[in-house]
There are 2 protein chains.
Amino acid sequence: MENEGKGLHARVLESLGPAITAGDYPPGTVLRTDELEERFDVSRTVIREAVRVLESMQLVASRRRVGVTVRPTEEWNVYDPRVIGWRLAGRDRPRQLRSLTVLRSAVEPVAAGLAAQHATPAQCAELTEHAMGMVATSRGQQLDAYLVHDVAFHRIVLTASGNEMFARLGDVVAAVLTGRTQHHVMFTDPDPAAVTLHVQVAEAVRTGDAARAESLTREITAGAMAELDVLAP
Amino acid sequence: MENEGKGLHARVLESLGPAITAGDYPPGTVLRTDELEERFDVSRTVIREAVRVLESMQLVASRRRVGVTVRPTEEWNVYDPRVIGWRLAGRDRPRQLRSLTVLRSAVEPVAAGLAAQHATPAQCAELTEHAMGMVATSRGQQLDAYLVHDVAFHRIVLTASGNEMFARLGDVVAAVLTGRTQHHVMFTDPDPAAVTLHVQVAEAVRTGDAARAESLTREITAGAMAELDVLAP
DNA sequence: CGGCCAATTAAGTATGACGTTTTCGTCACG
DNA sequence: CGTGACGAAAACGTCATACTTAATTGGCCG
């Protein structure tokens, strides 16, 4: 098993979390502690700790004399990295991918503008480096290598913005980009226009041109949205 | 006491969470379970469950033979509503307020643009209603009533965008707006220009003019940023 | 000096007993 | 027949304890 190395409660979590976020237990469903205890063949301690975590994600609510009830979707902590991961792995992956892409299209341009103002020389260097990397790997079925540079590029922009809320979306963007590559047919090279835009963004950040960095990044995210409209429901 | 009604673990959480997010325990600090057990005079069960929740927020990491260690700030789940609340209540409230305002300025304009495309007639009606309410309460030291309409307005825009990630930021925006009112001297009425902008946004959303809704909202959030520069460090 | 093994430490798990709150059913009374 | 109060049951919440597991430390031996 690849399931070893973590505590039992983590294993229960990795089973219940995806199931709930996938909608296997519709909102209002009640789970009794001792039922789960038996189902996973673990002690109450373990179940209780797993339930506490699910509760902290607002996926469930535990009430006396009633049980652990699944909460409606609108109340979930949809920004919790694990919730995002579970939903991306589950049934409504397309919808989730769309939500996150829209979020990207809102956040990244502003982040790029701020990065142009706050990025350190070292960050600027890394940025151009990865932009170059994208150019170098943009042709000839090197999608994996390209993805690495793409993810790194966007992560640096978010970090260099100097806003911690933006910086923490790095994983989200990485997940979206990775997801896109996986769904892309493996034989189509990246859009050359997008590659050029990344190079230009790196340049704009380096020269401190915030407005240009923002508008160029808006073009990138607009492209990502357009791709979605082609490939997703 | 006003502390009744919740479980013991919740009480421990409400004590440890704010302390950690306030920086009372610098990253790397280790907390032993039995020490906490004694300090709060509760059983191990309770401490363990509280620690699990803190762990799920990435505030701490629990490792065997070493203890519960506080994680560096960059790893915290800064989108967790409780973490946001604790930080807003704590020492670096100004920095947090600034981060959230920047996030707002990125998200709300895009949300308003989407709202113009997706808002239901009922939502449009509510929107104009609250915009009117803002006009009515914008003069004569009715800041509390004004705030209610302001919060409702922005909440509806985020919800009407149809993006669940945006919708879940309603509480964040509410916290920011509330925080601003509290810090505002209680005798200055809201900026008339901002009030007008809200009315115009409601109109743009109603008529489905996405570009206009977005750009007007951008003006609103730009105003909020400008206010910050005046009042905050 | 270096690597290996054992002792120690603190978290992880299991279990049984008891407390607490909420819900539901029953019974008596108007 | 309806209503209210009382009581029992159900499920989570808390406590105490014993045992297990993994990681670190330190000492012993090569």
Side-chain angles (χ1 to χ4, degrees), chain A residues 1-17 19-20 25-72 75-76 82, chain B residues 1-17 19-20 25-72 75-76 82:
Chain A
M1 296 291 200
E2 78 291 344
N3 213 350
E4 301 294 325
K6 304 172 184 177
L8 287 184
H9 55 87
R11 245 177 287 179
V12 173
L13 209 57
E14 289 305 313
S15 172
L16 280 180
I20 294 173
Y25 304 96
T29 305
V30 297
L31 307 167
R32 269 165 301 120
T33 299
D34 44 340
E35 171 207 327
L36 298 173
E37 197 176 328
E38 182 185 359
R39 210 169 92 205
F40 291 99
D41 191 39
V42 292
S43 71
R44 285 197 299 290
T45 316
V46 171
I47 295 295
R48 287 182 55 74
E49 288 176 16
V51 166
R52 277 287 163 272
V53 175
L54 292 173
E55 195 177 29
S56 101
M57 296 169 172
Q58 306 279 63
L59 294 185
V60 304
S62 176
R63 280 164 45 202
R64 285 183 154 154
R65 163 65 190 193
V66 78
V68 177
T69 72
V70 178
R71 307 186 70 163
E75 297 176 5
W76 296 351
R82 264 172 303 188
Chain B
M1 298 290 197
E2 78 290 343
N3 213 352
E4 302 295 326
K6 305 170 185 179
L8 286 185
H9 55 87
R11 246 178 285 180
V12 173
L13 208 58
E14 289 304 314
S15 173
L16 280 180
I20 293 174
Y25 305 96
T29 306
V30 297
L31 307 167
R32 270 166 300 118
T33 300
D34 43 340
E35 172 207 325
L36 297 172
E37 197 176 330
E38 182 185 1
R39 209 170 94 206
F40 291 100
D41 192 39
V42 293
S43 73
R44 261 182 82 193
T45 315
V46 171
I47 296 295
R48 287 182 54 75
E49 288 177 16
V51 166
R52 277 285 163 274
V53 174
L54 292 172
E55 195 179 30
S56 100
M57 296 170 173
Q58 306 279 52
L59 295 185
V60 303
S62 178
R63 279 162 47 203
R64 283 183 149 142
R65 165 64 193 208
V66 104
V68 177
T69 73
V70 178
R71 307 186 72 162
E75 298 177 5
W76 296 351
R82 263 172 303 187

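In the text below, chain A, chain B and the rest are named by the order of the sequence lines, each starting its count at 1.
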Calculate the interatomic distance between [X] atom [atom1] and [N] atom [atom2]; express it in whole Å.
X: R64(A); N: dC12(D); atom1: CZ; atom2: P; result: 11 Å
X: R11(A); N: dT21(D); atom1: CZ; atom2: P; result: 12 Å
X: F40(B); N: dT14(D); atom1: CZ; atom2: C1'; result: 16 Å
X: L8(B); N: dG19(C); atom1: CG; atom2: P; result: 15 Å
X: R44(B); N: dA16(D); atom1: CZ; atom2: C1'; result: 10 Å
X: E37(B); N: dT17(D); atom1: CD; atom2: C1'; result: 11 Å
X: R48(A); N: dT15(C); atom1: CZ; atom2: P; result: 16 Å
X: R65(A); N: dG13(D); atom1: CZ; atom2: P; result: 15 Å

Heavy-atom pair of closest approach, residues [X] and [Y]:
X: V53(B); Y: S56(A); answer: CG1-CB, 3.7 Å
X: A61(A); Y: R71(A); answer: N-CG, 3.7 Å
X: E49(B); Y: R48(A); answer: OE2-NE, 2.9 Å
X: W76(B); Y: Q58(B); answer: CD1-O, 3.2 Å

Legend entry - Nearest-neighbour nucleotide for the R32(B) side chain, dA10(C), dT14(D), dC12(D) considered: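 Comparing dA10(C), dT14(D), dC12(D) against the side chain of R32(B), the answer is dA10(C).
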Legend entry - Selection from dG13(D), dA14(C), dC12(D) that lies nearest to any side-chain heavy atom of R52(A):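 Nucleotide nearest to R52(A)'s side chain: dG13(D).
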Could you check whether [X] gets within reach of a base, just the sugar-phosphate, or nothing at all, counting any heavy atom under 4.0 Å?
X: T33(B); result: sugar-phosphate
X: S62(A); result: sugar-phosphate
X: I47(B); result: nothing

Inset, instruction - Tell me which of V46(A) and V66(A) sits closer to the 5' end of DNA chain C, going by the nucleotide each one is nearest to. - result: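 Mapping each residue to its closest nucleotide by heavy atoms, the 5'-most match is V46(A).
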Inset, instruction - Would you indicate, yes or no, if dA14(C) has its OP1 or OP2 atom less than 4.0 angstrom from a side-chain nitrogen or oxygen of S43(A)? - result: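 So the side-chain polar atoms of S43(A) do come within 4.0 Å of the phosphate oxygens OP1 or OP2 of dA14(C), strictly under.
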Inset, instruction - Report the C-alpha distance between E55(A) and R52(A) in whole Å, list the side-chain angles of each, state the deciding distance to 0.1 Å, and finish with yes or no for salt bridge (Lys or Arg N to Asp or Glu O under 4.0 Å). - result: CA-CA 5 Å; E55(A) 195 177 29; R52(A) 277 287 163 272; 2.8 Å; yes
